[in-house]
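Single-structure report; data block below.
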Amino acid sequence: MAENCSGNCSSCGSDCASRKSESFIEPTGEFNNIKHVVAVVSGKGGVGKSMVTSLLAVLMNKNGYKVGILDADITGPSIPKSFGVMGNAMQNELGILPAVTENGIKIMSINMLLKEHDAPVVWRGPVIAGAVKQFWQDVVWGDLDYLFIDCPPGTGDVPLTVFQTIPLDGIVMVTSPQDLVSLIVKKAYNMANMMNIPVLGMIENMSYVKCPDCGCEFSVFGGGSESAAAEFGIDLLGKMPIDLSLTQMVDNGCIERFDENYLEKAVKKLESLNK
Ligand code: ADP
């Protein structure tokens with residue numbers, strides 16, 4: 001302990017043994033009761049992170065849980081489109097109201113606050129990170145069992161803000177076989193580790209294509225998720241094929257009607273948080 005210790009570490013530069021680590025965690029709005037928060041992350045874009053976020057939300061909702069999605073991919077939001085959510089967000093005296101899908105999933109995305117849905121968000125990193133914080137604090141989520149956060153790819157301002165300010169139960173990492181080869185995903189894993197965020201597991205997307213005639217599975221991009229998961233010491237929670245019906249459902253805004261379950265193990269892992 002430093003000489004003349006006042007107990008206030010924020011005004012002291014001493015690196016002594018009794019230094020308390022500073023927490024930047026922010027509470028959500030008092031009108032919210034959110035039991036579990038899970039961020040979905042990836043090393044690079046285009047690996048299907050938003051697809052996996054949407055499917056996890058759909059599957060948990062089907063299992064009877066109250067679910068929300070916070071679309072933190074501010075510059076490339078794709079969640080509203082997958083669910084056919086087109087309108088702008090409304091507000092009441094408590095805060096911003098999320099959109100509610102056909103089956104009751106609550107969604108908040110920057111697209112719902114823009115006049116033109118195809119307008120680019122040309123904001124600096126800290127402003128974007130501020131918007132994500134606002135989605136956590138000022139959106140009237142109400143009672144939720146699970147809130148999924150669709151993080152932008154990589155290890156920039158927004159994932160950092162999410163990791164630092166939102167009390168996460170953990171993250172799910174989404175990879176594609178190419179992503180594994182490039183090792184970019186390892187950076188995302190290392191960032192979570194550095195910040196003591198539990199990694200719930202990994203999902204490999206675009207793992208294979210199934211021949212519609214003979215049912216054979218082709219690993220077009222190779223594989224590698226088993227060895228990567230083993231190397232990181234985390235669970236491999238699923239492998240999703242390239243499935244054209246998924247793409248069509250996203251394009252038609254009806255992802256909630258997709259009824260294959262490629263992510264059974266991931267769902268079980270998420271349910272185990274609730275015990
Ligand atoms: P990310 O969030 O990682 O940038 P997306 O989830 O937006 O990636 O996916 C990129 C594109 O690939 C989207 O058009 C999406 O519909 C499509 N896609 C993702 N996963 C699959 C899959 N398993 N089968 C078919 N299309 C997919």
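Numbering of residues begins at 1 and proceeds along the displayed sequence. Counting starts at 1 for both ligands and their atoms, following the listed order.
Less than 4.0 angstrom separates atom 23 (N) of ligand 1 from at least one non-hydrogen atom of the protein.
Considering each of Met206, Met51, Met240, the one bringing a non-hydrogen atom nearest atom 12 (O) of ligand 1 is Met206. For atom 25 (C) of ligand 1, the nearest non-hydrogen atom from the set Val250, Thr247, Leu244 belongs to Thr247.
Near Lys49, meaning under 4.0 Å from one of its heavy atoms, ligand 1 places the atoms 1 (P), 2 (O), 3 (O), 6 (O), 8 (O). The distance from ligand 1 to the heavy atoms of Pro241 drops below 4.0 Å at these ligand atoms: 22 (C), 23 (N), 24 (N). Distances below 4.0 Å separate heavy atoms of Gly46 from the following atoms of ligand 1: 1 (P), 3 (O), 4 (O), 8 (O). Near Asn205, with a cut-off below 4.0 Å to any heavy atom, the atoms of ligand 1 are 19 (C), 20 (N), 21 (C), 22 (C), 23 (N).
Remark: Lys239 engages Glu226 in a salt bridge, criterion side-chain N to carboxylate O under 4.0 Å. Between Lys210 and Asp243 there is no salt bridge, since no side-chain nitrogen of the basic residue lies less than 4.0 Å from a carboxylate oxygen of the acidic one.
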Check step by step if side-chain contact (heavy atoms from CB on, under 4.5 Å) holds for Glu26 and Ile166.
-> CA-CA 6 Å; Glu26 304 266 3; Ile166 300 182; over 6 Å; no

Under the side-chain contact (heavy atoms from CB on, under 4.5 Å) criterion, do Ser176 and Glu204 qualify, and how do the steps go?
-> CA-CA 5 Å; Ser176 72; Glu204 188 185 81; 5.9 Å; no

Stepwise side-chain contact (heavy atoms from CB on, under 4.5 Å) test for Leu70 and Leu147 = CA-CA 7 Å; Leu70 187 165; Leu147 176 67; 4.2 Å; yes

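By the 3.5 Å distance cut-off applied to N or O atoms, Leu246 is not counted among the residues near ligand 1. Considering backbone and side-chain N/O atoms, Gly45 never comes within less than 3.5 Å of an N/O atom of ligand 1. Some N or O of Ser50 is nearer than 3.5 Å to an N or O of ligand 1, by distance alone. Considering both main-chain and side-chain atoms, Ser42 never comes within under 3.5 Å of ligand 1 through any nitrogen or oxygen pair.
Of the candidates Val140, Asp71, Ile96, Met108 forms a side-chain contact (heavy atoms from CB on, under 4.5 Å) with just one, namely Ile96. With Val40 as the fixed residue, the side-chain contact (heavy atoms from CB on, under 4.5 Å) test singles out one of Leu200, Val174, Asp73, Ile203: Val174.
For atom 9 (O) of ligand 1, the nearest protein heavy atom (residue, atom name, distance) is Gly48 CA, 3.7 Å.
Listed by first and then second residue, the ring pair (Phe, Tyr, Trp, His ring centres under 6.0 Å) pairs involving residues 233-253 amount to none (not counting sequence neighbours). Residue pairs meeting the ring pair (Phe, Tyr, Trp, His ring centres under 6.0 Å) criterion with at least one partner in residues 55-108, sequence neighbours excluded, are Tyr65-Tyr146.
Proximity of Val47 to ligand 1, defined as any heavy-atom pair under 4.0 Å, is shared by backbone and side chain alike.
In this structure, Pro153 falls outside the shell of residues with a heavy atom less than 4.0 angstrom from ligand 1.
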